[in-house]
Amino acid sequence: MTSKPTYSTMFVPGPGAEWLDDVDGGGELETLEYGRTRDKEALVWTPPGYDADRRKEYPVLYLLQDEGQSYREWVELGRLGQIMDNLTLDGDAEPMVVVMGDAGTPGPAGVTKELLPAVERAFNVSDKGSDRAIAGIGRGGEAALSAVVDKPREFANVGSFSAGYDKAISRGKAKQINHSTDVVRVYAGNVTDPAYNDTVALADRLTRAGVEFQSDGSDPETGGTWDTWQKNLHDFAGRLFQEVDDEGPSEGHLPFVKHELPAPGTTPTPWVDENGVVTFELGTEFADANNITVWGNFGPAGSWPRTHMVQQDDGSWRLSLAVEGGSYYYKFVVDGVDHKDAGNPTKVSSEPTWSTFTAEGDTIRAQYTAQVPAEARGEVSVMSYPSTAGGGTQRSAYVWTPRATTRTAPRSTRSSTCSTVAGRRGPTG
């Protein structure tokens, strides 16, 4: 991984990941040097069956990375080659050339003045704005938007992946954009995406200016990570240079609504919102700590990840993450020492540093661990008994008894005297 040399990657094939898997007969990747002194590089993916002499020039998609990323991350973490191979070979995307340019130069000038001419000299691609698309992550997404706002005729398609845009867009400019573009589409992860509220503001800005755009909505499953941007790329590339009937958000995505956390220390912790995003909080008493993690059983397949908290400007610590519906337990580990969440009144008797919480949802885990209405709950009592194994010492046990319910037995199998059964039904979900 170019931008983080100590990192490695792996891919686990399986159901649902076919669109990210290697495929025979895919396209090719090569490096393009450009700039006055050829001191800049871009990666270029050409589609399966690319013909440098084809009479009809290929449309082209330009992709820009975020600050702190390398343009090579599009293939190293984004699996661009596999995504585009599968889309193209399955007939779900128009064969196109994809250019991963270096967005290190602020603003769109490095793309429009240097990269475009170099690509058009080296590859059989169209120089028409109607055959060009541009998209980017974060700062790269902002540069992509700037390129279209500055010169609407240069690109007919623009995608914003976890990006904001804080410049004014006049009504006149909006009309030019609407006239010249085919697709303007806005993407973001869930509220844990650092750019989530910036994306909400972007959607509001486009709406107020009168720019016609498509919203993919907020992806409830993933935040500001390559898991999200892979899906963004897959969706965006499949909409380019061809007719697409559905302009709405991806299935299950949520509308963009500004997200605000409660002020520190004002609510019980953790704070769980209506979409299953849980926020853990520690106060300023640990302002001098070097490392704090949340250790809980909310990982995939019930695994136990230790997730780092982020220190805030006031010295407190917070962590937000999305979980599936269900019941969970966790503790804080502060510089290697376990701590109970003092803001959470729940307890685990055998493990005094653990706390619990629940998140609503439609999973099996949520159905069987959710609270039921008070009038339907059974009762839990403590029973004492002498232990013969312990020499007659008194021991205790928790006993749950069901709420008595009345139900009528089927006439063909039950006597008329057996009309009351106390809590013998099993789970129905």
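As a basis for the values below, the full set of heavy atoms in this structure was taken, side chains included, without hydrogen atoms, waters or symmetry mates.
Shortest non-hydrogen contact noted between D273 and H259 is OD2-NE2, 3.7 Å. In plain terms, the two heavy atoms of A322 and T192 that are nearest each other are N-CG2, 4.3 Å. Shown here for N297 and S327, the closest heavy-atom pair between the two residues is ND2-O, 4.4 Å. Contact between G138 and A163 at its shortest, heavy atoms only, is O-CB, 3.3 Å. T279 and S320 make their closest contact through OG1-OG, 2.7 Å (heavy atoms, listed as atom of the first residue, atom of the second, distance). Across every non-hydrogen atom of L321 and L319, the tightest pair is CD2-CD2, 3.7 Å.
Atom CG of residue D341 and atom OG1 of residue T269 lie 3.5 Å apart, to the nearest 0.5 angstrom. Annotation: the span from E76 atom CD to T2 atom OG1 amounts to 3.5 Å, rounded to 0.5 Å.
Across Y330, F298, W295, a single residue satisfies side-chain contact (heavy atoms from CB on, under 4.5 Å) together with W304, and that is W295.
Residue D24 places its CG atom among 12 or fewer non-hydrogen atoms of other residues, nucleotides or ligands, all under 6.0 Å distant. Atom CZ of R365 sits in a crowded spot, with more than 12 heavy atoms from other residues, nucleotides or ligands closer than 6.0 Å. For D362, the CG atom is loosely surrounded, since the number of other residues' heavy atoms within 6.0 Å does not exceed 12. Summarising the local packing, CG of D288 is surrounded by 12 or fewer heavy atoms from other residues, nucleotides or ligands at distances under 6.0 Å. The 12-atom threshold is exceeded at CD of E33, counting heavy atoms of other residues, nucleotides or ligands nearer than 6.0 Å. At most 12 heavy atoms of other shown residues, nucleotides or ligands fall within 6.0 angstrom of atom CD in E28. The environment of E324 atom CD is sparse: at most 12 non-hydrogen atoms of other residues, nucleotides or ligands sit within 6.0 angstrom.
Listed by chain and number, the residues in a side chain to side chain contact (heavy atoms under 4.5 Å, CB included) with S350 are V348 (sequence neighbours excluded). With sequence neighbours excluded, the residues forming a salt bridge (charged side-chain N to carboxylate O under 4.0 Å, His left out) with D338 are K331, listed by chain and number. Partners of D193 by salt bridge (charged side-chain N to carboxylate O under 4.0 Å, His left out), not counting sequence neighbours: none found.
At a threshold of 4.0 Å, the pair K128-E154 does not count as salt-bridged, since none of the basic side-chain nitrogens sits closer than that to a carboxylate oxygen. Using a cut-off of 4.0 Å between Lys/Arg side-chain N and Asp/Glu carboxylate O, K40 and E114 are scored as salt-bridged. A salt bridge does not link E375 to R403: none of the charged side-chain nitrogens sits closer than 4.0 Å to a carboxylate oxygen.
Between the side chains of T222 and K231, a donor-acceptor pair is found at a separation under 3.5 Å.
Side-chain atoms of L43 and V75, non-hydrogen and from C-beta on, do get closer than 4.5 Å to each other. N157 is not listed as a side-chain neighbour of I134, based on a closest heavy-atom distance of 4.5 Å or more. Residues D53 and N124 form no side-chain contact, since every pair of their non-hydrogen atoms from C-beta on lies 4.5 Å or further apart. The closest side-chain heavy-atom distance from M84 to M96 is below 4.5 Å. In this structure, the side chains of F332 and T293 stay at 4.5 Å or more apart for every pair of heavy atoms. Residues T46 and F123 are in side-chain contact: their nearest non-hydrogen atoms beyond the backbone lie under 4.5 Å apart. For the pair L63/L80, a side-chain contact is recorded, criterion being any heavy-atom separation below 4.5 Å from C-beta on. Taking the side chain as every heavy atom from C-beta outward, L77 and M1 approach each other to under 4.5 Å.
Checking side-chain atoms of N86 against main-chain N and O of D21 turns up a donor-acceptor pair under 3.5 Å.
Residue pairs meeting the ring pair (Phe, Tyr, Trp, His ring centres under 6.0 Å) criterion with at least one partner in residues 10-56, sequence neighbours excluded, are W19-H234, Y50-Y58. Residue pairs satisfying the ring pair (Phe, Tyr, Trp, His ring centres under 6.0 Å) criterion with at least one member in residues 190-229, sequence neighbours excluded, are listed as follows: W74-W226, W226-W229. Legend: side-chain hydrogen bond (donor to acceptor under 3.5 Å, both in side chains) pairs involving residues 172-189, not counting sequence neighbours, sorted by first then second residue: R185-Y187, R185-Q214, R185-D216, R185-D235, Y187-D235.
The aromatic rings of W354 and Y329 sit perpendicular to each other, their planes meeting at more than 60°, with 30° as the lower class boundary. Aromatic ring pairs are classed by plane angle as parallel below 30°, tilted from 30° to 60° and perpendicular above 60°; the pair F280 and F357 is perpendicular.
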